[in-house]
Structures are given as structure tokens and as C-alpha cells.
Amino acid sequence: MGMKICLAKTAGFCFGVSRAVEMTCRLLDEGRKVATLGPLIHNAQAVAEMERRGVLVAKDAASVPPGYEVVIRSHGVPRSVYDTLNAAGAVWHDATCPFVKKIQNIALRAEQEGAELLVAGDIAHPEVQGIVGHTAGEVFVFAGIEQLKAWKGPKDPKKRLFVVAQTTFQVSKWEECSEFLKKAYTNAEIFDTICNATWARQQEAEDLSQRCDLMVVIGGHHSSNTQKLVEVAAKHTRAVTVETAGELQPEWFADVKTAGVTAGASTPSSIIEEVLNSMSEEINDSMSFEEMLNASEEKRVHAGSIVKGIVTSISANEIQVDIGAKQTGFVKLSELSDDSSAKVEDLVKVGDELDLIVEKVMDQDGVIQLSRKKLASRKGMEEIAKAAESGEVVEGDVTEFNKGGVVVNVKGVKVFVPRSQATMRRDEDYTALVGQHVQLVVTECSGRKIVGSINKVTAEQNKAKREEFWANVEIGKSYTGVVKSLTSYGAFVDIGGVDGLCHISELSWNRIKHPSEVVSVGDSIEVYVKDIDTENHKVSLGYKKAEDNPWEQLKNNYPVGSTFHAPVVSLTKFGAFVRILPGVDGLVHISEISNERVEKVSDALKVGDMVDVKLLDVDFDKKRISLSMKALLKEDEE
């Protein structure tokens, strides 16, 4: 029986590193001269390959030669670096990881709100230096609980504390420090800033190490997150780290029945593959790589195994299943369905046979944790991969949004849709998609990176609508439209695959400062076509209703001789303007203010005064109204 190898699912490039590498490669493909501020990632082999392609690794911003475009790596940099680059007129591209950028923003908030910033991390690490460089306030960096306990606290005991962690900080250490801070400082605001991928990677390394005789961690010897993985794994088993397959030592694997393999966030998939192949060829010569990965003890299941289970009992939060192994199988409610409001008894019944995937085997407890949801996700992944190849339209529910776009759950698989691919207009609120059922195409499916586009489907659907619209549109025609976005100058309204502009002046008879005073995104409104530009495919829309025109109301409801109790809205040398209806002002000439001679209008009236006036005359063509206060005074005297 050969050695079994278990590869962690989360091994390899994280989102931030992948984004930085892709950004740099894209610039190189476009023929740009590129310099990175320090090594782009903590992997000597990947950096060497970049240098071979012409990437210059600059020590700092000041040492970047003219003509080079700068890539700021995923670790991020202090604010001062941006100032240096801008002062030099350099072209720069920011690949700072979104998780790191979030911490930098918290550091800036600490400065703005007068709070002291506490950072859990390595003070020599560039990510931590970048975070510290985003605040001008008080900062304390600590590597663990001992340094934190030794800290004397803020000079002002009442001062607020903002507490963050380096994205790759060890999860167990962070939880220990967080608990201490909660008890020691009631004025501490603790932010969970460890990267989601880091949480998952460390948790998986911990789980994997508990059922392996040896853990091989692949990653740069100077990589922070790689060292954290080694620390986590070493708590449970023997752990070694290698940068390349050439560093593997055959003696490590003597008497090893199960070896776990994971990799840091800066480790390219090519190096992971080389290490796995090397372990297969050199240590298990008698077995193929596939056979080695599938090798297991007789009838023993392991994480990732697909099994059939018979439901034997049901409780409020989980079910018990028999999978034919010596351990008892359990499936939590959260792993049965995505519907958080569902009840177990509505989902399964005793005796049902379920397809499940093994999540965790706990031999010491005689228990196996299983999931139906994750297996559905795996099957969904196969369908997603096929859809990516065929271009087939798929459907899913938008579950969340972030700075970069939205996440769509398609058959249990999370598909990321970039902001630019989520909506048809750049200024349209893409966050409003959350909770909607949408159609999309999968544009990229490589490993864990699954990207889709909603607007490619929308554009195709709108194409037919647009053709029909332009074939039938005419000035004066009315449509029921949906407000898609607002700008300072008006509202864009979808009237059937075509967005028309309803100018701010067309939204209300009253003078408004912003369209949001009248309409909101998502509102369904009745509009009519005011003008058409067929050459440029632009449509101008009207929204104001004639019956709401205050001048029409004046003509129909207020004949000459009508009286008003109304406010003075402005003063001139020759009289005062009084607002008799919303949007309609009339002039009380200086000679019509009083029976007595008025030398200055401001001697008799001021803005805001409520006055009684009589309608003397209206010129509807020129929109001029003559009013009198004096006429009412004469009537009172009579």
C-alpha cells in the first residue's frame, strides 16, 4: 500500500495575488515597461519569470526609471508613496488587495476620528508598514498576546481604539488577542480583517494536519502566510516547507502513510503540480499519481469522498446518516440547503437516500461530518465548466456585492460578476441586483476563479427590444419606463431596451436641485418622447404633466381679481415678487405696495413676509403677473 496524498482545496494563489499578477502580465502583453515596488509576490521563481519578461523590481518609488509604469503590489504601500509617484508624474497601477485596502481605510478613519490604531501583525512586513502609513495618529503594532499584554494602553484612557489584523495573521492568535482586548478595553472597536482566503486556508491546514503523518507546505521561505500555515499544521503533526520540488527530501516520507499538501497564497499552480508529481514519482514509484491520490485504507472515507447515506434520524438542526462506515455520519441543517429558513423535516425524511460529500472525519469521536450542499456545488461546478465552454446562458440568484462587483449563486457555485459586467450603464446602481434572479454567461472558469457577465445576456435581450423601439418610436408617444440611474442633470429611464434622458427641467414644474427630489432608481414612471436623435440613437423624454402646470392651474382656477395670502420671495428696486402658486411669482410694483408713497421697497417689505395681494393682470405668453397690495387696502377702507 503506497502513501496517500491529500491536497488542500485552497492551496495556491489568493484573489489579491492573482489580481496583481494578472495586472502585471496584461501590461507586459500590451508592450508596457513595468516596474514593481519590491517583489510582486513572495515567490522567487515567479518573480524571476517576471524579470525575464522585463519587469524591473524597484526598491522604492524614487528609484523607478523614467518611462516605466509602476505596479503597486497586493501588500499595499503608505500614502507617502502615492504622493512621491504623483509628484514625479509617474503612471501607476494599484494592485493593492481589496482586503488590505479595507484595513488602510480603517487606519485613515482612525486618524480622522481621533482613535488610536492597534495592528496585529509583523511590524517589518510591507503590508503592515503600508497600513501604518495610512494614518498620522497613534499606532501600536503587536505580534501576539504577550506584546499586547505588555502594552500600557493609550495615554488617554478614554481614547477610542481601532483594532485590525494583518490579512495573513494567524487566526488562533487573533482570536486570543481579540478576547483579551474585549475584556481589557471597553472602548476598543475590533475589526475582523483577516482575509477570507486566509481563514479558509488556515482552517483547512488545521483540519488536514490532524489526519496526516506529515504536512508539506509549499511557499516562499519569506512569505508570511506560508509561515502561518506551517505554524498551524505543526500544532498537530510534523510539518515541512519547500519553495520548489527540488527541496523535497525522500527521508521525510519514511513510514508516512498519509501526507497533506497545502500552499501559500503566492505559490503558482505550476510549482504545486511539480511538488505533487515529484512526491508521486520519487516516493511511490509503483503507483500512478491518480492511484496514489485515490489510495485509502480499506473502506475508510476521507475528506472529499463522495458517499451515499441513508437518513436514520432527524433533529431540529441536523440529520444522522448511515454511510456504511464504522463512524456515525452527521449532516448539519446548514449543509443540507441554502435556504436558511427551511426546516429539516421539510427537506428529508427517515429512510431517504442522499448523495453526500465528506467534510471532516473525526476518528477520535467516531464521527463524520458530511454535506449535501457542497456536493451539489461540485456537480454545479461541472455544469458551470461546460457552460463556460459552450457559452450557454445560466441562471442564478445574486447573493452579495462588494467593491468589485456582485456574487451570483449558480447551482451552488459562486460566480463573480465584475461591476462593469453587472449592469448596462456604468453609473447604474449594481448593488440593487442583490436578491434578484438573473441570467448570465460564464466568461472564465479556471480553478477557483469563476467569472460571469450579466450584461452580455441583457445586451442580447435588449437588442431585439431596441430594434422594435426604433422602428416604432415617434415624438409624443408615451411609455411606461423604469428609472435606471440619476445624474445631477437628469434621470435615465429604460423605456424598452433603450435608456432615454429625462432632463431635470422636465421632471418638475417647480425648480429642483436634484432629480432625487422627484424620482428614485427603480421607480416606474409614465414618460413621453420629446425629441429623437435617430443618428446617435438618443431619446429626450418628458415627465411633467400638463394638468400639473401651475400656469394652467392659474388660468383655470384664479381669474383676475383673485386674492392670495402669500410669501415675499425677492425684492427689487421697483417692487417685490410674491409666490402665489408653487413655481409662479407675481410682481407687486412699488406703487402698488401702499396707499402712502414708498421710497424703498425694503422699507416696507422683507423676504419671508406673508402678504395679502390681489391679481390685477396676467400675460400668459410672457408669463408676467401684476399684483397689488394697495388695491386690497382701498377695499378695506371702503
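Model, not experiment: these values are computed from the prediction.
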Q: So that I can tick it off, tell me whether D213 and K257 are bridged by a salt bridge, with the cut-off set at under 4.0 angstrom between side-chain N and carboxylate O.
A: no

Q: Could you go through the side-chain contact (heavy atoms from CB on, under 4.5 Å) check for F140 and V163 one step at a time?
A: CA-CA 10 Å; F140 172 63; V163 189; over 6 Å; no

Q: Could you give the distance from CG (N105) to OG1 (T193), rounded to the nearest 0.5 Å?
A: 12.0 Å

Q: Would you say the side chain of V415 lies within less than 4.5 Å of the side chain of V451, judging by non-hydrogen atoms?
A: no

Q: Under 3.5 Å, is there a donor on one side chain and an acceptor on the other for E395 and Q439?
A: yes

Q: Using a strict cut-off of less than 4.0 Å between a Lys/Arg side-chain nitrogen and an Asp/Glu carboxylate oxygen, indicate whether K484 and D429 qualify as a salt bridge.
A: no

Q: Taking NZ, NE, NH1 and NH2 as the nitrogens, is one of them in E116 or R160 under 4.0 Å from a carboxylate oxygen of the other?
A: no

Q: Counting neighbours of CZ on F142 that are heavy atoms of other residues, nucleotides or ligands and sit closer than 6.0 Å, is the number greater than 12?
A: yes

Q: Which heavy atom of G121 sits nearest to which heavy atom of Q166, and what is that distance?
A: CA-OE1, 3.3 Å

Q: Report the distance from atom CD of E359 to atom CG of L370, rounding to the nearest 0.5 Å.
A: 7.5 Å

Q: Check whether any side-chain heavy atom of T241 lies under 4.5 Å from a side-chain heavy atom of H221, and answer yes or no.
A: yes

Q: Please determine, by modelled atom types, if Q210 and T237 share a side-chain donor-acceptor pair under 3.5 angstrom.
A: no

Q: Tell me whether I123 at atom CD1 has more than 12 heavy atoms from other residues, nucleotides or ligands lying less than 6.0 Å away.
A: no

Q: Could you check whether any side-chain N or O of T262 sits under 3.5 Å from a backbone N or O of A205, counting only pairs where one atom can act as donor and the other as acceptor?
A: no

Q: Identify the two heavy atoms, one from V394 and one from A387, that lie closest to each other, and give their separation to 0.1 Å.
A: CG1-CB, 3.8 Å

Q: For a 4.5 angstrom cut-off between non-hydrogen side-chain atoms, does V408 reach L440?
A: yes

Q: Could you give me the CA-CA distance, side-chain angles and deciding distance for K173 and E231, then say whether side-chain contact (heavy atoms from CB on, under 4.5 Å) is met?
A: CA-CA 11 Å; K173 286 185 179 180; E231 289 178 30; 3.7 Å; yes

Q: Run the salt-bridge test on E392 and K386 with the 4.0 Å N-O cut-off and return the result as yes or no.
A: no

Q: Got a donor-acceptor contact below 3.5 angstrom from the N409 side chain to the G412 backbone?
A: yes

Q: Which residue is it: L347, V344, D352? I am looking for the one with a side chain to side chain contact (heavy atoms under 4.5 Å, CB included) to I314.
A: V344

Q: Using 0.5 Å steps for rounding, measure from the NE2 atom of H437 to the CG atom of D397.
A: 6.0 Å

Q: So for atom NZ, which belongs to K343, do other residues, nucleotides or ligands contribute more than 12 heavy atoms lying within a distance under 6.0 Å?
A: no

Q: Given side chains that start at C-beta, do those of K182 and I190 come closer than 4.5 Å, heavy atoms only?
A: yes

Q: Please round to the nearest 0.5 Å and tell me the distance separating atom CD of Q203 and atom CD of E206.
A: 6.0 Å

Q: With the threshold set at 4.0 Å, does a side-chain nitrogen-carboxylate oxygen contact exist between K308 and D355?
A: yes

Q: Between K149 and E146 (salt bridge meaning N to carboxylate O under 4.0 Å), is one present in this structure?
A: no

Q: Go through the steps for I145 and F180 under the test side-chain contact (heavy atoms from CB on, under 4.5 Å), then give the verdict.
A: CA-CA 8 Å; I145 191 68; F180 171 77; 3.7 Å; yes

Q: Using a strict cut-off of less than 4.0 Å between a Lys/Arg side-chain nitrogen and an Asp/Glu carboxylate oxygen, indicate whether K411 and E383 qualify as a salt bridge.
A: yes

Q: Would you check if the side chain of T226 reaches a backbone N or O of G219 as a donor-acceptor pair within less than 3.5 Å?
A: no

Q: Nearest heavy-atom pair of G396 and V410: which atoms, and what distance?
A: CA-CG2, 4.2 Å

Q: Does a sphere of radius 6.0 Å around NZ in K159 hold more than 12 heavy atoms from other residues, nucleotides or ligands, not counting ones at 6.0 Å or beyond?
A: yes

Q: Is the CG atom of D346 crowded by more than 12 outside heavy atoms at less than 6.0 Å?
A: yes

Q: I272 and A263: which non-hydrogen atoms are nearest, and at how many Å?
A: CD1-CB, 3.7 Å

Q: To the nearest 0.5 angstrom, please state how far the CD1 atom of I103 sits from the OG1 atom of T167.
A: 5.5 Å

Q: Is a donor on one side and an acceptor on the other found under 3.5 Å between the side chain of S520 and the backbone of D523?
A: no

Q: Is any side-chain heavy atom of V141 closer than 4.5 Å to a side-chain heavy atom of V128?
A: yes

Q: For the side chain of S209 and the backbone of H236, is there at least one donor-acceptor N/O pair under 3.5 Å apart?
A: no

Q: Would you say D322's side chain and T312's backbone share a donor-acceptor pair under 3.5 angstrom?
A: no

Q: Could you check whether R372 pairs with E335 (Lys NZ or Arg NE/NH1/NH2 to Asp/Glu carboxylate O, under 4.0 Å)?
A: no

Q: Determine the minimum heavy-atom distance between K403 and Y430, stating which atoms define it.
A: O-OH, 3.5 Å

Q: For the residue pair K235 and S172, establish whether any side-chain heavy-atom pair is separated by less than 4.5 Å.
A: yes

Q: Applying side chain to side chain contact (heavy atoms under 4.5 Å, CB included) between I454 and each of V417, V441, T423, report the one that passes.
A: V417

Q: Do V256 and W252 have side-chain heavy atoms sitting under 4.5 Å apart?
A: no

Q: Between Q104 and T96, is there a side-chain heavy-atom distance shorter than 4.5 Å?
A: yes

Q: Between E127 and R73, does any side-chain N to carboxylate O distance fall below 4.0 Å?
A: no

Q: Restricting to non-hydrogen atoms, name the atom on M381 and the atom on C445 that form the minimum distance, rounded to 0.1 Å.
A: CE-SG, 3.2 Å

Q: Could you tell me if the ring centre of W151 sits under 6.0 Å from that of Y185?
A: yes

Q: Within a 6.0 Å radius of atom NZ on K332, are there more than 12 heavy atoms belonging to other residues, nucleotides or ligands?
A: no

Q: Let me confirm one number: the OG-CD1 distance from S178 to I194, rounded to the nearest 0.5 Å.
A: 7.5 Å

Q: Check the pair V261, C6 against side-chain contact (heavy atoms from CB on, under 4.5 Å), reporting the backbone distance first and the verdict last.
A: CA-CA 6 Å; V261 179; C6 298; over 6 Å; no

Q: Under 6.0 Å from the CD atom of E460, do we count more than 12 heavy atoms belonging to anything else shown?
A: no

Q: For E22 and K449: C-alpha separation, side-chain torsions, deciding distance, then whether salt bridge (charged side-chain N to carboxylate O under 4.0 Å, His left out) applies.
A: CA-CA 12 Å; E22 287 175 5; K449 185 176 182 183; 2.4 Å; yes

